[in-house]
Number of protein chains: 2
Amino acid sequence: MSNAKVLPLIEPADGQAVAPCCPPLTERPFSAEEAEVAARMFKALGDPVRLRLFSAVASHEGGEACVCDISDVGVSQPTVSHHLKKLKEAGLLTSERRGTWVYYRVEPSVLAAMGQLLTNASAVA
Amino acid sequence: MSNAKVLPLIEPADGQAVAPCCPPLTERPFSAEEAEVAARMFKALGDPVRLRLFSAVASHEGGEACVCDISDVGVSQPTVSHHLKKLKEAGLLTSERRGTWVYYRVEPSVLAAMGQLLTNASAVA
DNA sequence: CGCTTGGTTCGATGTGTGTCAACATAGACG
DNA sequence: CGTCTATGTTGACACACATCGAACCAAGCG
């Protein structure tokens with residue numbers, strides 16, 4: 001096991017600390033704290049609009065997209081902004097203003113952590 | 001790739017059809033329908049109590065546990081039953097009554113599907 | 001039968017959240 | 001400086017949801 005640190009190496013973003021989220025799922029019952037942290041990330045992806053926005057950013061060139069490119073999800077623009085903020089607070093996206101437009105990027109480490117959480121789980125079961 | 005069917009082979013449970021959930025996350029932006037299906041599963045795991053219940057079942061012997069074994073999550077028993085029902089409706093758990101006790105089991109295919117969704121995503125990004 | 005234990009369903013209640021319209025802010029461009 | 005476009009923020013509102021107590025089924029057991 002040379003890469004056991006894949007899960008816990010989530011760096012704090014703008015000031016929103018993203019705690020290490022992912023103890024193995026089928027190894028032991030989640031503690032209350034572990035569940036709270038992990039559930040926060042699942043909840044962030046638990047909305048159809050957010051999931052579409054997230055996949056739009058993730059599937060964009062270089063995992064980066066400006067709001068104008070992804071804001072066609074059937075809701076008003078304030079709602080888009082609201083959901084992007086939620087995703088940012090959950091540590092799944094980071095934003096950066098470059099001139100007129102604001103670009104959003106995915107946080108690969110968090111994604112990998114959640115993936116391994118579930119992948120390891122299914123491997124055990 | 002010999003196991004491309006891991007994702008879509010989710011069988012309908014008691015009468016609650018669990019649709020195939022997981023197109024690749026970073027390949028294309030999710031459609032509204034895809035997002036709705038996938039978000040339903042993420043939302044099911046987006047509650048701390050549900051996540052603890054789910055991991056308790058998953059980490060139990062053979063991925064099977066009766067309610068009496070996992071109902072110690074800090075909420076009342078009706079609430080536990082309510083959350084287990086939600087997890088069952090989301091296709092993540094199945095229940096079976098054996099004599100006095102009701103046993104809940106994990107649905108491995110769904111878990112694998114969600115894991116690959118995120119794992120593939122991080123691999124691409 | 002009636003009692004006990006395990007589990008679900010029902011009704012009610014408070015909190016959370018998704019949504020929009022209206023307003024505010026940040027650059028760009030004359 | 002004024003204005004226009006692109007995003008973010010605020011306030012309000014409706015709906016969903018998590019939670020609990022009480023009532024209700026289901027099995028075993030005397």
Side-chain angles (χ1 to χ4, degrees), chain A residues 13-16 30 32 35-54 56-57 60 64-90 92-105, chain B residues 13-16 30 32 35-54 56-57 60 64-90 92-105:
Chain A
D14 301 289
Q16 187 72 22
F30 271 44
E36 200 129 356
V37 175
R40 194 179 309 154
M41 311 177 64
F42 281 117
K43 188 190 289 185
L45 295 178
D47 182 89
V49 175
R50 277 198 292 270
L51 201 52
R52 288 185 72 184
L53 289 171
F54 185 77
V57 173
H60 215 262
E64 183 180 76
C66 88
V67 182
C68 56
D69 286 327
I70 60 177
S71 57
D72 192 15
V73 288
V75 294
S76 68
Q77 209 169 43
T79 303
V80 170
S81 187
H82 168 71
H83 284 304
L84 288 173
K85 186 182 179 183
K86 280 284 187 73
L87 287 169
K88 200 166 67 172
E89 286 175 359
L92 297 171
L93 292 179
T94 59
S95 67
E96 179 194 0
R97 173 165 229 133
R98 283 210 298 275
T100 307
W101 293 278
V102 176
Y103 290 85
Y104 280 82
R105 305 207 316 139
Chain B
D14 300 292
Q16 188 74 21
F30 271 43
E36 200 130 355
V37 176
R40 193 178 311 154
M41 310 176 66
F42 281 116
K43 188 190 287 184
L45 294 178
D47 182 272
V49 174
R50 277 198 293 269
L51 200 52
R52 288 184 71 184
L53 289 172
F54 185 77
V57 173
H60 216 261
E64 184 180 75
C66 88
V67 182
C68 58
D69 286 328
I70 60 176
S71 57
D72 192 15
V73 289
V75 294
S76 67
Q77 206 171 42
T79 303
V80 170
S81 187
H82 168 71
H83 284 304
L84 288 173
K85 186 181 178 183
K86 281 285 186 72
L87 287 169
K88 199 167 69 173
E89 285 174 0
L92 297 171
L93 292 179
T94 59
S95 67
E96 179 195 0
R97 173 164 228 133
R98 282 210 299 275
T100 308
W101 294 279
V102 176
Y103 290 85
Y104 280 81
R105 306 207 316 138

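- For the pair A:His83 and C:dT19, the criterion of a side-chain N or O lying under 4.0 Å from OP1 or OP2 is met.
- Picking from D:dT19, C:dT8, D:dG8 the nucleotide with the shortest atom distance to the side chain of A:Val102 gives D:dG8.
- Dashed line: the shortest gap from a side-chain N or O of A:Ser76 to OP1 or OP2 of C:dC20 is under 4.0 Å.
- At distances below 3.5 Å, at least one donor-acceptor pair connects side-chain atoms of B:Arg50 with backbone N or O atoms of B:Ala44.
- Between A:Tyr104 and D:dG8, a side-chain N or O to OP1/OP2 separation shorter than 4.0 Å is present.
- Considering only side-chain atoms of B:Ser81, the nucleotide from D:dT19, C:dT17, C:dT9 that sits closest is C:dT9.
- Under 4.0 angstrom from either OP1 or OP2 of C:dT19 there lies no side-chain N or O belonging to A:Thr79.
- For B:Lys85, no side-chain nitrogen or oxygen approaches OP1 or OP2 of C:dG7 to under 4.0 Å.
- Dashed line: the shortest gap from a side-chain N or O of A:Lys86 to OP1 or OP2 of C:dG18 is under 4.0 Å.
- For the pair B:Arg50 CZ and D:dA16 P, the interatomic distance rounds to 15 Å; values are reported in whole Å.
- Within 4.0 Å of B:Thr100, counting heavy atoms only, lie sugar-phosphate atoms of the nucleic acid but no base atom.
- With sequence neighbours excluded, no residue forms a side chain to side chain donor-acceptor pair (under 3.5 Å) with A:Gln77.
- Nucleic acid contact for B:Val80: none, since no nucleic acid atom lies under 4.0 Å from a heavy atom of the residue.
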